[in-house]
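Residue numbers count from 1 along this sequence.
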Amino acid sequence: MFLTAEGCRLLRREGVSPTNCLSLAAGLFVLLDLTLIPYLASLVRNAVVTWLFALASACVLFFSAQLAIYCLSAFVNLVHVGKPRGLKQIVVLGSGIFGTAVPPLLGNRIRTGIQLQHDAPHAVLILSGGQGPGEDIPEGRAMMAWALAHGADPSRTIAEERSRNTEENLAYSARLFPDPTGKTAIVSTRYHVLRALFISKRLHMDAVGYGSAATWYFSLNAMLREFIAFVVMTRKRQLVVLCVLLAPLWLTALAGVIQWVMPAS
């Protein structure tokens, strides 16, 4: 009910689009899985239908548990006690601009990066983002201008202007690191930090994540989008683990097939 209500709120405020429907779709799916689908399965009373319902329910439970763990991990990775120590570089990830203007969501990311730069006097601030559709200049260039206008240290602020996604943000920014093996702060919106940290681990970075604020109803939908991207990123491992966990169901199906093909004499 919470997902459904927040999904409707998002659509009212942000407009209808496929990505904005995630919260609503997830809420409706969970409600159907808990109410209508079990009722229909009980009416049919067919072994195949019962098995398919058990398979679907197991998959829902598997991914629901993972989503809960993902959200908890995202929260834990944003908790920092005291000021940052030992930072060598700070990477602020781009998120799109309007022409040459930095929108509020991206401005919050840059503001968080500037604060980290002030708290870590030897760290270099890297504003990362290439030029996408509808953008008059690369994001990194617009972000750097915004940062310098809002108190960033010009001698320790540089732009990365070629990247098109999060992995390229980090890979291209790494070429600008003054200390490639030193501790790196990755700054993004709160819901995006955890996946950025997963990518940084694949790139062998010593990284910590810092998140900037976003509205709650938007963050909920975005967190679902980030989780789906994480599942796609780890799809091979996901498939192996899911098949192992579903082994009892596969064995049940195999036994049913054998019994049907080779009936008792």
Asker: Is it true that L127 and L87 fall in one hydrophobic cluster, defined by side-chain heavy atoms closer than 4.5 Å?
Answerer: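 Yes, same cluster.
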
Asker: Test your reading of the model: is there a side-chain donor-acceptor pair from E168 to the backbone of R164, 3.5 Å cut-off?
Answerer: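 Side chain of E168 to backbone of R164: a pair is present.
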
Asker: Apply side chain to side chain contact (heavy atoms under 4.5 Å, CB included) to residues L194 and Y70 and explain how you reach the verdict.
Answerer: CA-CA 8 Å; L194 182 60; Y70 187 88; 3.6 Å; yes

Asker: Just how far is it from atom CD1 of I110 to atom CG of L148, taken to the nearest 0.5 Å?
Answerer: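 The CG atom of L148 is 10.0 Å from CD1 of I110, to the nearest 0.5 Å.
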
Asker: With a 3.5 Å distance limit and no angle check, can you tell me whether H118 reaches the backbone of G151 through a side-chain donor-acceptor pair?
Answerer: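 Such a contact is found between H118 side chain and G151 backbone.
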
Asker: So which heavy atom on A213 is nearest to which on T189, and how close?
Answerer: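 Minimum heavy-atom contact is O-CG2, 4.3 Å.
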
Asker: With a cutoff of under 4.5 Å between side-chain heavy atoms, which Ile, Leu, Val, Met, Phe, Trp and Tyr residues group with L34?
Answerer: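 Noted: L34 shares its cluster with V30.
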
Asker: With no hydrogens and no angle check, do the side chains of N108 and S212 hold a donor and an acceptor under 3.5 Å apart?
Answerer: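 Distance-only check fails for N108 and S212.
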
Asker: Counting only heavy atoms not in Y39, do more than 12 sit closer than 6.0 Å to its OH atom?
Answerer: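 Not more than 12 within 6.0 Å, no.
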
Asker: Within this structure, what is the OG1-CG distance for the pair T184 and D206, rounded to the nearest 0.5 Å?
Answerer: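 It comes to 7.0 Å.
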
Asker: Checking R190 side chain against A214 main chain: does a donor-acceptor pair fall under 3.5 Å?
Answerer: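 Not a single qualifying donor-acceptor pair exists.
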
Asker: Testing the basics here: between L170 and S200, what is the closest heavy-atom pair and its distance to 0.1 Å?
Answerer: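 Minimum heavy-atom separation between L170 and S200: CD1-N, 3.9 Å.
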
Asker: Taking side chain as C-beta onward, heavy atoms only, is I186 less than 4.5 Å from V193?
Answerer: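 Sidechains of V193 and I186: no contact.
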
Asker: Does Q89 use its side chain to pair, donor to acceptor, with the backbone of D179 at less than 3.5 Å?
Answerer: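 It does hold such a pair.
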
Asker: Any side-chain heavy-atom pair from S188 and Y210 closer than 4.5 angstrom?
Answerer: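 Side chain of S188 against side chain of Y210, heavy atoms only: no contact under 4.5 Å found.
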
Asker: Tell me, with the steps shown, if L242 and F63 meet side chain to side chain contact (heavy atoms under 4.5 Å, CB included).
Answerer: CA-CA 9 Å; L242 186 59; F63 288 111; 4.3 Å; yes

Asker: Of the non-hydrogen atoms in D153 and Q117, which two are nearest, and what is the gap between them?
Answerer: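 Minimum heavy-atom separation between D153 and Q117: N-OE1, 2.9 Å.
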
Asker: Show the numbers, then the answer: is there a side chain to side chain contact (heavy atoms under 4.5 Å, CB included) between L93 and V91?
Answerer: CA-CA 6 Å; L93 305 180; V91 180; 3.9 Å; yes

Asker: Please report the closest heavy-atom contact between T166 and R195, naming both atoms and the distance.
Answerer: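 Where T166 meets R195 most closely, the heavy atoms are OG1-NH2, 4.4 Å.
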
Asker: Applying side chain to side chain contact (heavy atoms under 4.5 Å, CB included), run through V124 and I158 and close with a yes or a no.
Answerer: CA-CA 8 Å; V124 171; I158 55 179; 4.0 Å; yes

Asker: Please check this pair: side chain of R141 against backbone of E161, looking for a donor-acceptor N/O pair closer than 3.5 Å.
Answerer: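 It does not hold such a pair.
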
Asker: For a 4.5 angstrom cut-off between non-hydrogen side-chain atoms, does F177 reach M205?
Answerer: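 They are in side-chain contact.
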
Asker: For the atom pair CG (N77) and CG (L197), what is the distance rounded to the nearest 0.5 Å?
Answerer: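 N77 CG to L197 CG: 5.5 Å, rounded to 0.5 Å.
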
Asker: May I ask you to decide if K83's main-chain N or O and D119's side chain share a donor-acceptor pair within less than 3.5 Å?
Answerer: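 No, D119 side chain to K83 backbone: no donor-acceptor pair under 3.5 Å.
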
Asker: Check whether any side-chain N or O of N20 sits under 3.5 Å from a backbone N or O of G15 as a donor-acceptor pair, and report yes or no.
Answerer: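 Yes, the answer is positive, given that a donor and an acceptor are paired below the 3.5 Å cut-off.
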
Asker: Report yes if some heavy atom in the side chain of L3 is under 4.5 Å from a heavy atom in the side chain of L24; otherwise report no.
Answerer: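 With C-beta onward as the side chain, the pair stays apart.
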
Asker: Using every non-hydrogen atom in the two residues, find where L224 and S23 come nearest and quote the distance to one decimal.
Answerer: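 So the two residues come closest at CD1-CA, 3.6 Å.
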
Asker: Answer whether the closest heavy-atom distance between the side chains of Y191 and R225 falls below 4.5 Å.
Answerer: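 Yes, side chains in contact.
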
Asker: Are L22 and I228 close enough that some pair of their side-chain heavy atoms sits under 4.5 Å apart?
Answerer: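 They are in side-chain contact.
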
Asker: Measure the CG-OG1 distance between L125 and T157 for me, rounded to the nearest 0.5 Å.
Answerer: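 Nearest 0.5 Å value for the CG-OG1 distance: 4.5 Å.
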
Asker: Does N169 reach the main-chain N or O of S163 with its side chain, forming a donor-acceptor pair under 3.5 Å?
Answerer: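 No; zero donor-acceptor contacts below 3.5 Å.
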
Asker: Answer yes or no: are there more than 12 heavy-atom neighbours, outside H150 itself, under 6.0 Å from its atom NE2?
Answerer: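 Yes, enclosed.
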
Asker: Less than 4.5 Å apart, any side-chain heavy atom of I90 and any of I126?
Answerer: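 No, their side chains stay 4.5 Å or more apart.
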
Asker: Roughly how far, to the nearest 0.5 Å, is OG1 of T234 from CD of Q66?
Answerer: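 One gets 6.5 Å once the value is rounded to the nearest 0.5 Å.
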
Asker: Within the distance-only criterion (no hydrogens, no angle test), does the side chain of R235 pair as donor or acceptor with the backbone N or O of V232 below 3.5 angstrom?
Answerer: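 Looks like yes, one N/O pair under 3.5 Å.
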
Asker: Taking atom types as modelled, is there a side-chain donor on E160 or S128 under 3.5 Å from an acceptor on the other?
Answerer: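 Yes, a side-chain donor-acceptor pair sits under 3.5 Å.
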
Asker: Can you confirm whether the side chains of H192 and S95 place a donor and an acceptor under 3.5 Å from each other?
Answerer: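 No pair is found: no donor N or O on one side chain lies under 3.5 Å from an acceptor on the other.
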
Asker: Sequence neighbours left out, what passes ring pair (Phe, Tyr, Trp, His ring centres under 6.0 Å) with F198? Give chain and number order.
Answerer: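 Ring pair (Phe, Tyr, Trp, His ring centres under 6.0 Å) check on F198 returns F230.
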
Asker: Taking the side chain from E135 and the backbone from G132, do they hold a donor-acceptor pair closer than 3.5 Å?
Answerer: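 Judged by distance alone, yes, a pair lies under 3.5 Å.
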
Asker: Do V231 and L220 belong together in a cluster built from hydrophobic side chains that touch within less than 4.5 Å?
Answerer: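 Yes, because V231 and L220 connect within a single hydrophobic cluster, where side-chain heavy atoms sit under 4.5 Å apart.
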
Asker: Quick one: pull up CG in L116 and NE2 in H80 and give me the separation to the nearest 0.5 Å.
Answerer: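 Result: 8.0 Å between the selected atoms.
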
Asker: Please say yes or no: joined through hydrophobic side-chain contacts below 4.5 Å, possibly via intermediate residues, are F98 and L105 part of one cluster?
Answerer: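 Cluster IDs for F98 and L105 differ.
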
Asker: Are L67 and F29 linked, directly or through other ILVMFWY residues, by side chains that come within less than 4.5 angstrom of each other?
Answerer: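 The answer is no; the residues belong to distinct hydrophobic clusters.
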
Asker: How close do V102 and G107 get, heavy atom to heavy atom, and via which atoms?
Answerer: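 Here V102 and G107 meet closest at CG1-N, 3.6 Å.
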
Asker: According to a hydrophobic-cluster definition based on side-chain heavy atoms being under 4.5 Å apart (Ile, Leu, Val, Met, Phe, Trp, Tyr only), do F218 and L78 belong together?
Answerer: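 Same hydrophobic cluster.
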
Asker: Report yes if some heavy atom in the side chain of I199 is under 4.5 Å from a heavy atom in the side chain of M233; otherwise report no.
Answerer: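 Yes, close enough: below the 4.5 Å cut-off.
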
